[in-house]
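Before any comments, here is the structure.
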Amino acid sequence: MTNLVVAAVPPRARLRRLAPAMVSTIAMFAMVVVCASLQSDVLTVTGLTLILSATVPLVIAAQAQMILMSVGDIDLGIGNFVGLVTVLTATKLVSSPGIGVLLLVGLVAAYALLGALIHLRQVPSLIATLGTSFVWLGLGLFVLPTPGGSTPEWLATFGSWAPAGFPAPLLPILVVSALVWLIATRGSVGVRVRAFGSNPVALRRAGLSPLAARVVAYGMAGALGVLAGLLLASQTGGGDVSSASSYTLITIAAVILGGGSFRGGTAVPWGVAIGGVTLGLVSVVLSLLDVPSNMQSAVQGAIVLAVLAGRVVVGKVLR
């Protein structure tokens with residue numbers, strides 16, 4: 001039955017749907033080629049591990065952003081949320097593991113509650129998530145005013161894991177992206193979430209709860225945000241509530257680069273993963289080129305605009 005559905009989709013329509021991820025893939029390989037031309041060791045297992053490590057938590061945070069954008073919302077607090085998770089990981093999860101786990105589960109529940117409040121009170125997600133971003137920031141500063149702490153031994157061991165013949169950062173990227181893909185595009189939960197983003201009226205007429213769809217979406221985003229924070233803490237070896245502040249806008253760009261939409265109803269986990277890796281590699285390229293730090297943000301923005309322009313051009317050609 002699935003084969004018949006796929007066959008029924010016109011080849012041009014399939015190309016148009018895959019075009020954004022294809023453009024991002026080309027950009028990603030271009031970044032790798034540039035890195036390799038500047039530093040030949042990049043194409044070794046060790047080199048790929050080094051350049052991909054920083055992209056892992058970013059890719060997972062981008063998956064969280066994608067879940068919320070699939071229901072038509074945007075999360076302006078994901079950066080501070082991930083930073084708060086690193087703080088709790090470097091403090092409570094070390095001193096009192098049981099309490100630390102409960103706090104992390106509580107953060108996921110708080111995200112789900114935020115989704116319920118947004119839906120019931122009809123508060124724009126931009127305002128609600130921006131407000132909660134300051135809550136995450138304040139809590140993080142209260143628990144750990146200055147960067148520090150240490151990560152649990154098991155998490156530090158995972159962060160330093162380096163298998164022979166395989167870049168370790170690829171494993172969490174592939175596993176998490178595959179799980180999100182299964183849930184968002186193949187599971188009934190994902191279908192309801194995307195249906196809510198594309199046509200909430202039809203979802204309601206089908207006897208399904210739009211409130212439940214939004215709460216589930218926010219709960220999934222919260223769980224992915226916690227995972228991103230854990231992995232970021234495993235790399236940095238400590239906690240810092242500001243360590244992921246740049247994720248907020250970068251995750252939105254990663255979703256758009258990967259084929260997502262502000263209108264909702266679209267979930268593209270593999271495209272988002274590629275978009276996240278591409279944006280992460282931009283910083284590596286700029287560092288290898290010795291671009292001054294005060295210019296890197298401007299250059300990074302220009303590269304993102306160039307990739308987006310390529311997506312628009314390809315989309316018009318395939319229309």
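Treat the numbers as computed from the prediction; the structure is a model and nothing was measured. The figures that follow rest on heavy atoms only: side chains count, while hydrogens, waters and symmetry mates do not.
Closest non-hydrogen pair, Ala221 versus Ala64, comes out as O-CB, 3.5 Å. Nearest heavy atoms, Leu155 versus Ala233: CD2-CB, 4.4 Å. Heavy atoms only, all atoms of each residue included: Ala217 and Leu68 are closest at O-CD2, 3.7 Å. Heavy atoms only, all atoms of each residue included: Ala54 and Pro57 are closest at O-CD, 3.8 Å. In terms of heavy-atom proximity, Ala36 sits nearest to Leu43 at CB-CG, 3.8 Å. What you find for Ala168 and Thr49 is that their closest heavy atoms are N-OG1, 3.9 Å.
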Ile67/Val180 under side-chain contact (heavy atoms from CB on, under 4.5 Å): CA gap, chis, key distance, verdict = CA-CA 9 Å; Ile67 294 296; Val180 175; 4.3 Å; yes
Output, in order, the C-alpha distance, side-chain angles, deciding distance and verdict of side-chain contact (heavy atoms from CB on, under 4.5 Å) for Phe196 and His119.
-> CA-CA 12 Å; Phe196 173 69; His119 188 87; 4.0 Å; yes
Under the side-chain contact (heavy atoms from CB on, under 4.5 Å) criterion, do Trp181 and Val268 qualify, and how do the steps go?
-> CA-CA 7 Å; Trp181 176 77; Val268 281; over 6 Å; no
What do the steps show when you test Lys92 against Val87 for side-chain contact (heavy atoms from CB on, under 4.5 Å), and what is the final call?
-> CA-CA 8 Å; Lys92 302 301 182 182; Val87 167; over 6 Å; no
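Using a 4.5 Å heavy-atom threshold, the side chains of Trp270 and Thr25 count as separate. A heavy-atom distance below 4.5 Å is found between the side chains of Leu58 and Ile250. Side chains of Val272 and Val59 form no contact here, defined as non-hydrogen atoms less than 4.5 Å apart. Here the side chains of Val277 and Ile173 are in contact, with some heavy-atom distance below 4.5 Å. Looking at heavy atoms from C-beta onward, Ser243 lies out of side-chain contact with Thr236 at the 4.5 angstrom threshold. Two residues are said to be in side-chain contact when any heavy atoms from C-beta on lie closer than 4.5 Å; Leu38 and Cys35 fail this criterion. Residues Tyr218 and Ile118 have side chains in contact (heavy-atom distance under 4.5 Å, counting atoms from C-beta outward). Side-chain contact check for Leu170 versus Pro167: some heavy-atom pair is nearer than 4.5 Å.
In this structure, Leu257 CG and Ile274 CD1 are separated by 11.0 Å, a value rounded to the nearest 0.5 Å. In this structure, CG on Leu84 lies 7.0 Å from CH2 on Trp136, to the nearest 0.5 angstrom. Atom CG in Leu104 sits 12.0 Å away from atom CD1 in Ile99 (nearest 0.5 Å). The distance from atom OG of Ser287 to atom CG of Leu281, rounded to the nearest 0.5 Å, is 11.0 Å. Once rounded to the nearest 0.5 Å, the distance linking CG of Leu102 with CG of Leu88 reads 11.5 Å. One distance of note links CG of Asp75 with OG1 of Thr132; it measures 6.5 Å at 0.5 Å rounding.
No side-chain donor-acceptor contact under 3.5 Å links Asp240 to the backbone of Pro147. Gln235 places a side-chain N or O within 3.5 Å of a backbone atom of Ser53 that can act as its donor or acceptor partner.
When the shell of 6.0 Å around CZ of Phe166 is examined, it contains more than 12 heavy atoms from other residues, nucleotides or ligands. Residue-environment remark: CZ (Arg194) exceeds the threshold of 12 foreign heavy atoms within 6.0 Å.
Under the 4.5 Å side-chain contact rule for hydrophobic residues, Leu50 and Leu52 do not share a cluster. Ile51 is connected to Leu171 through a chain of hydrophobic side-chain contacts under 4.5 Å among Ile, Leu, Val, Met, Phe, Trp and Tyr, so both are in one cluster. Linking ILVMFWY side-chain heavy atoms closer than 4.5 Å, directly or via other members, places Val226 and Val175 in a single hydrophobic cluster. Under a hydrophobic clustering in which Ile, Leu, Val, Met, Phe, Trp and Tyr are joined whenever their side-chain heavy atoms come within less than 4.5 Å, directly or via other members, Leu107 and Val101 fall into the same cluster. Residues Met28 and Val33 do not share a hydrophobic cluster, defined by chaining ILVMFWY side chains whose heavy atoms lie under 4.5 Å apart.
For the side-chain contact (heavy atoms from CB on, under 4.5 Å) test, residues two or more places apart in sequence or in another chain that qualify with Leu76 are Ile74, Leu126, Thr129, Leu130, Thr248, Ile252.
Between Tyr247 and Phe81, the ring center distance fails the sub-6.0 Å criterion.
Counting only N and O atoms by type, the side chains of Ser177 and Gln63 include a donor and acceptor under 3.5 Å apart.
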